[in-house]
Amino acid sequence: MPTIQLPDGTTKDFPAGSTALDVANSISERLMQQTIAAEVDGKTVDSMRPLEELSESDPIPLRLFTTRDDEALGVLRHSCAHVMARAVMRLYDGVGLAFGPTTGNGFYYDFDLATPISEEDFPKIEAEMQAIIKEAEPFERFNLSRDEAVKLVDDLDQELKTEHIQTGLAEHDSLSFYRQGEFVDLCRGPHIPHAGKIKAFKLLSIAGSYWKGDANNKHLQRLYGTAFFDKKQMKAYLEQVEEAKRRDHRVLGKQHGLFTLSNDVGSGLCLWLPKGATVRALLEDFIKQELLKRGYEPVYSPHVGRVELYETSGHFPYYRESQFPPLFGHPAGQLVDYWKTQLGEGTINDDAESDFLAAAKDIGCPFDDYPFAKPADEKIAYLKAWEKHQERYLLKPMNCPHHVQMYKAIPRSYRDLPVRLAEFGTVYRHEQSGELNGMLRVRGLTQDDAHLFCTPDQVEQEFKDTLDLVKFVLASVGLEDYRVQLSLREPGSDKYTGSDELWDQAESTLRRVLTESGLPFSTAEGEAAFYGPKADFMVSDAIGREWQLGTVQLDYNLPERFDLEYVGDDNTTHRPVMIHRAPFGSMERFVGMLIEHFAAAFPLWLAPEQVRILGLNDDMLPYCEEIQKEFRTAGFRTTIDHQSANVKKKIRDAQLDLIPYMVVAGPKDKDQNGLSLRDRLEGDLGFMPTADAIAKLVEERDTRQIRQVIQSDFKGFQGGDEEANSY
RNA sequence: GCUGCCGUAGCUCAGUGGUAGAGCGCGUCCUUGGUAAGGACGAGGUCGUGGGUUCAAGUCCCACCGGCAGCUCCA
């Protein structure tokens, strides 16, 4: 007879075999109706399984998940994925099932299917799903031994499931399945009690994918959908998706002349047009001012560096795949580089080697004493010795090695620390072509970068100050809603550099400062950089989407690799600690995100064009110019609309151009030495003296007021981690 | 990088084998007006690039370049 403990601490005995639904029913029938799943010992479980099967604890701690809980929504969606798979199997022959997990916004299922599915097939599939839901059949769980499980999926002709049991699940002795009518699927669960709980669902898109995410594996068709407990929530979600499409920075960036991409310049190489450049320059100026106040020093570094520099830092050849190829001073450079790689991989033969030497000789490198008969590593050493005298440059993939050289340029005493070197540093990364996305993912980007070199004792204060800076700059553009992800090392893993002691110290420092800061944060084990733990800012935008922007990283690795030192108060040398930090991340990504956040309607302080002056007729042009002069003197970016059109047309154009303020100037305004002001949000504000209008705008600009953002009440959009329900 | 789809005027798009179209924008002229589109006329395209098929290619085929969606990746 199990004893159940509810979250409020009360305990109660139930007959053997009682389920979470029985417990809910004992409280009220209504609660039972709303119960979707349960939590036992911190794990989400089926509401229809006997509780004593689920826990050894006494009493058993139980929490009921109802339609109001996010956990329940995940369970619902996963069950809906099963319903979708069942519908697809009814409609098509020879459907192979792969995985069908939930995502932050819905679910998908991967199918191995000869017939291509297209969006035109969605109504058909949705109708079949609706029929299944109407039947409201229960989800029934059963366990099988490995052998029985293999036999079952074999009988069902599910080759992928067979493979998965034999490889991915090799360590499981017993495997769970769920049956719903004729549909049986290998699945960890949990599920909703019956299909009737799905009150709103929709298929969203079809896409290609690969078995287990590997491009060498079988190609699959992935069908995406979403589900909710009621139609209203789903409608809100779908509207949010539409709103996101309307805010696409690639469309708005083109429409408003913010940035452009050119085939001839190259993929992922963003061209900042005057208006976009204005926004960026304002943000950069703003940050520069702030950094000066906080003790940072500006530096500049070139866009290339010798390959040796990145060999020392450890980024070359490790990240070679995502770097632009090296620039070689000698024509044989590339040849030698290639040959070295071949030697390293052991994919060579004598003929190829002779060809290589002949080719090298042709372009001026006889290599007379090449160690022909020696092992590959001696040959590599020989070629490396040659390379050492050659020029080999890399477009810089990060700024740290350059800043490190600046630190090393002069001897440092503990009295000089912390040293804070800041630069808008442009770096180049050869991202895969399929990854490029407008300004959000590019190949040339400018980080609002800085490196802090400090003593171990100073780390805590510096980290605290950095958090404070990030909070301040985000608030200045109206981004107040964010959380921090603290990325820690994976315990027991050997892929990190630095002693356990340093890591423990670094991680506990970050954790302590984050806790004291009051910022919401979550931890992610195994997500740390190889050189140290980091704190990433996950920022929510106006319509509730989350973006990873700024980052703060502790680094014990580069100081070691570059042998950085300072002289301590004990007159011996010590190793400084480095902090990498970029509040915006990159200017490209940040401005791209801001375009979507504001839907290109930038607040007054950031608007490329702040005030547009509209004359009532052409006779007013001289007066418009007088007004413009006064606004310009006050530091505003303004233009005069010279169209020979009526004021309605000029206002419409200015509204569509998202200009924060319009000045309408007619004879009546001129007579009274003033203007009529129009706010893009409020409309006509009526007549006011020019000085008053300017004072009003100066106030709004200098306090960096944010007036136009719609704050969404839809939370969790694009949020949340993927949940792997399918084992 | 992989799979699929796409590439026509500055922008958004129509045009499926027989001499290139619309709307918006742009230019000129008329209009001179009070808070989201006044009117007329006009300029503008070797249809992404290179091959091929055909009497004939924007249209069909191939390759390349670029874009989009998804996958994979992101120091």
Side-chain angles (χ1 to χ4, degrees), chain A residues 103 108 110 116-119 204-224 245 248 250-251 254-257 260-269 310 313-316 318-323 396-401 427 429-438 440-443 445 447 528-532 534 536 548 551 553 555 557-558 580 585-586 589 614-621 643-657 662-669 675-680 682-687:
Chain A
T103 64
Y108 64 80
D110 284 344
I117 296 179
S118 78
E119 297 207 5
L204 298 175
S205 59
I206 180 90
S209 69
Y210 300 97
W211 172 238
K212 301 202 167 174
D214 186 338
N216 298 314
N217 288 345
K218 196 163 208 170
H219 196 240
L220 305 170
Q221 296 191 62
R222 176 169 298 180
L223 200 46
Y224 281 93
K245 277 186 199 158
D248 189 321
R250 294 167 299 192
V251 175
K254 184 178 260 183
Q255 202 176 332
H256 296 286
T260 190
L261 296 162
S262 148
N263 289 0
D264 293 340
V265 172
S267 299
L269 300 169
Y310 307 103
S313 72
H315 293 97
F316 190 90
Y318 190 63
Y319 288 105
R320 183 157 187 175
E321 286 299 296
S322 51
Q323 288 168 6
K396 74 172 166 183
M398 82 296 300
N399 302 302
C400 353
V427 299
R429 295 174 186 183
H430 198 268
E431 303 289 0
Q432 297 183 61
S433 58
E435 303 312 322
L436 302 174
N437 178 339
L440 297 179
R441 197 76 188 274
V442 291
R443 285 181 173 166
L445 55 131
Q447 299 173 315
F530 67 90
Y531 49 73
K534 57 179 184 166
D536 293 320
Q548 187 186 323
T551 180
Q553 308 179 355
D555 182 359
N557 179 46
L558 287 185
H580 308 236
S586 80
R589 190 175 161 75
L614 321 176
L616 199 65
N617 59 49
D618 290 352
D619 297 340
M620 298 312 298
L621 282 175
Q643 285 185 98
S644 177
N646 63 30
V647 74
K648 282 161 84 93
K649 166 72 168 154
K650 293 179 186 177
I651 285 170
R652 178 182 149 86
D653 287 349
Q655 284 287 149
L656 293 176
D657 288 345
M662 286 150 260
V663 163
V664 177
K668 288 183 219 159
D669 305 298
L675 49 83
S676 295
L677 194 62
R678 183 188 162 93
D679 176 3
R680 76 174 163 208
E682 311 273 322
D684 189 7
L685 300 179
F687 173 84

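Fair warning: this is a prediction, and the values are worked out from it, not measured in the lab. First the proteins, then the strands, lettered A, B, ... as listed; each starts at 1.
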| task | For A:S322, answer base if it contacts any base atom (sugar-phosphate contacts may also be present), sugar-phosphate if it contacts only those atoms, and nothing otherwise; contact means non-hydrogen atoms under 4.0 Å. | result | base
| said: I'd like to check the ring-ring contact (aromatic ring centres under 6.0 Å, His included) partners of A:Y319; sequence neighbours left out, ordered by chain and number. | reply: A:H315
| task | Write down the distance separating the C1' atoms in B:A57 and B:U46, rounded off to the nearest Å. | result | 14 Å
| query | C1' atom, B:G48 versus B:C71: distance in rounded Å? | reply | 26 Å
| request: Using modelled atom types only, decide if a donor and an acceptor are shared between the side chain of A:E435 and the backbone of A:R441 within a distance under 3.5 Å. | output: no
| field | Nearest-Å distance for atom pair CG/P, residues A:N437 and B:C74 | value | 17 Å
| said: At less than 4.0 Å, is any side-chain N or O atom of A:K254 found next to OP1 or OP2 of B:U12? Yes or no. | reply: yes
| note | Sorted by chain and residue number, the side chain to side chain contact (heavy atoms under 4.5 Å, CB included) partners of A:N399 (sequence neighbours excluded) come out as A:K396, A:H403, A:V427, A:Q447, A:D449, A:H451
| message | Expressed as a whole number of angstroms, how long is the span from A:L436:CG to B:A69:P? | response | 11 Å
| field | Shortest non-hydrogen contact between A:V663 and A:L677, atoms and distance | value | CG2-CD1, 3.9 Å
| message | Please give the distance between the P atoms of B:U12 and B:G67 as a whole number of Å. | response | 15 Å
| remark: Residues at least two apart in sequence or cross-chain that pass side-chain hydrogen bond (donor to acceptor under 3.5 Å, both in side chains) with A:Q323, listed by chain then number, are none
| Mind checking the C1' distance from B:G23 to B:G44? Whole angstroms is fine. | 15 Å
| So which nucleotide from B:G1, B:A75, B:C74 ends up closest to the side chain of A:Q323? | B:A75
| field | By salt bridge (charged side-chain N to carboxylate O under 4.0 Å, His left out) - contacts of A:R652 (at least two apart) | value | none
| message | Which is more 5' along RNA chain B, the nucleotide nearest A:R441 or the one nearest A:L261? Just name the residue. | response | A:L261
| Taking the same atom, P, in B:G52 and in B:C73, what whole-Å distance lies between them? | 42 Å
| message | Base of B:C74, side chain of A:R429 - is there a donor-acceptor contact under 3.5 Å? | response | no
| Contact class for A:H219 (heavy atom, under 4.0 Å): base, sugar-phosphate, or nothing? | sugar-phosphate
| task | Check if the side chain of A:Y210 and the base of B:C2 share a donor-acceptor pair of N or O atoms closer than 3.5 Å. | result | yes
| Reckon A:R443 has a side-chain N or O less than 4.0 Å from the OP1 or OP2 of B:C73? | no
| field | Spacing between A:L223 atom CG and B:C71 atom P, to the nearest angstrom | value | 14 Å
Polar atom pairs between nucleotides 44-49 of chain B and protein, under 3.5 Å, N or O only, would you list them?
none

| Expressed in angstrom and rounded to an integer, what is the separation of A:Q548 atom CD from B:A75 atom P? | 9 Å
| task | Taking A:R222 for its side chain and A:D110 for its backbone only, find out whether a donor-acceptor pair lies under 3.5 Å. | result | no
| request: Sequence neighbours left out, what passes side-chain hydrogen bond (donor to acceptor under 3.5 Å, both in side chains) with A:D248? Give chain and number order. | output: A:R250
| Integer-rounded Å distance: B:G1 C1' and A:E321 CD | 9 Å
| query | Which residues pass the side-chain hydrogen bond (donor to acceptor under 3.5 Å, both in side chains) test with A:D653, sequence neighbours left out? | reply | A:Q643, A:K649
| Separation of the P atoms in B:U8 and B:G45, to the nearest angstrom | 15 Å
| said: Nearest whole Å is fine: how far is B:U3 P from A:I206 CD1? | reply: 17 Å
| said: Test of understanding: with side-chain hydrogen bond (donor to acceptor under 3.5 Å, both in side chains), list the residues that count as partners of A:K534, not counting sequence neighbours. | reply: none
| note | Rounding to 0.5 Å, atoms OG (A:S267) and CD (A:E431) come to a distance of 12.5 Å
| request: Taking ring-ring contact (aromatic ring centres under 6.0 Å, His included) as the test, write out the residues that go with A:Y224, two or more places apart. | output: A:Y108
| request: Could you give the distance separating B:G50 and B:A14 at their P atoms, to the nearest angstrom? | output: 24 Å
| message | Is it the case that the base of B:C74 and the side chain of A:R589 share a donor-acceptor contact (distance under 3.5 Å, atom types as modelled)? | response | no
| field | Side-chain-base donor-acceptor pair under 3.5 Å for A:S313 and B:A75 | value | no
| message | Within the 4.0 Å limit for protein heavy atoms, which parts of nucleotides 27-36 of chain B are touched? Write it as a string from 5' to 3', B for base, S for sugar-phosphate only, - for none. | response | ---BBBBBBB
| Can you check whether A:Y224 has a side-chain N or O nearer than 4.0 Å to OP1 or OP2 of B:C71? | yes
| field | Stems formed with participation of RNA chain B [Watson-Crick or G-U wobble, under 3.5 Å, three or more pairs] | value | B:1-7 with B:65-71, B:10-13 with B:21-24, B:26-30 with B:38-42, B:48-52 with B:60-64
| Flag, side chain of A:R589 to backbone of A:Q548, donor-acceptor distance under 3.5 Å | yes
| said: According to ring-ring contact (aromatic ring centres under 6.0 Å, His included), who are the partners of A:H256, at least two apart in sequence or on a separate chain? | reply: none
| query | Of the nucleotides B:C11, B:G1, B:C74, which has the atom closest to the A:E431 side chain? | reply | B:C74
| What integer distance in Å separates A:K245:NZ from B:C68:C1'? | 12 Å
| message | Roughly how many Å apart are B:U3 and B:U16, using the C1' atom of each and rounding to a whole number? | response | 26 Å
| field | d(CG, A:D657; C1', B:C11) in whole Å | value | 13 Å
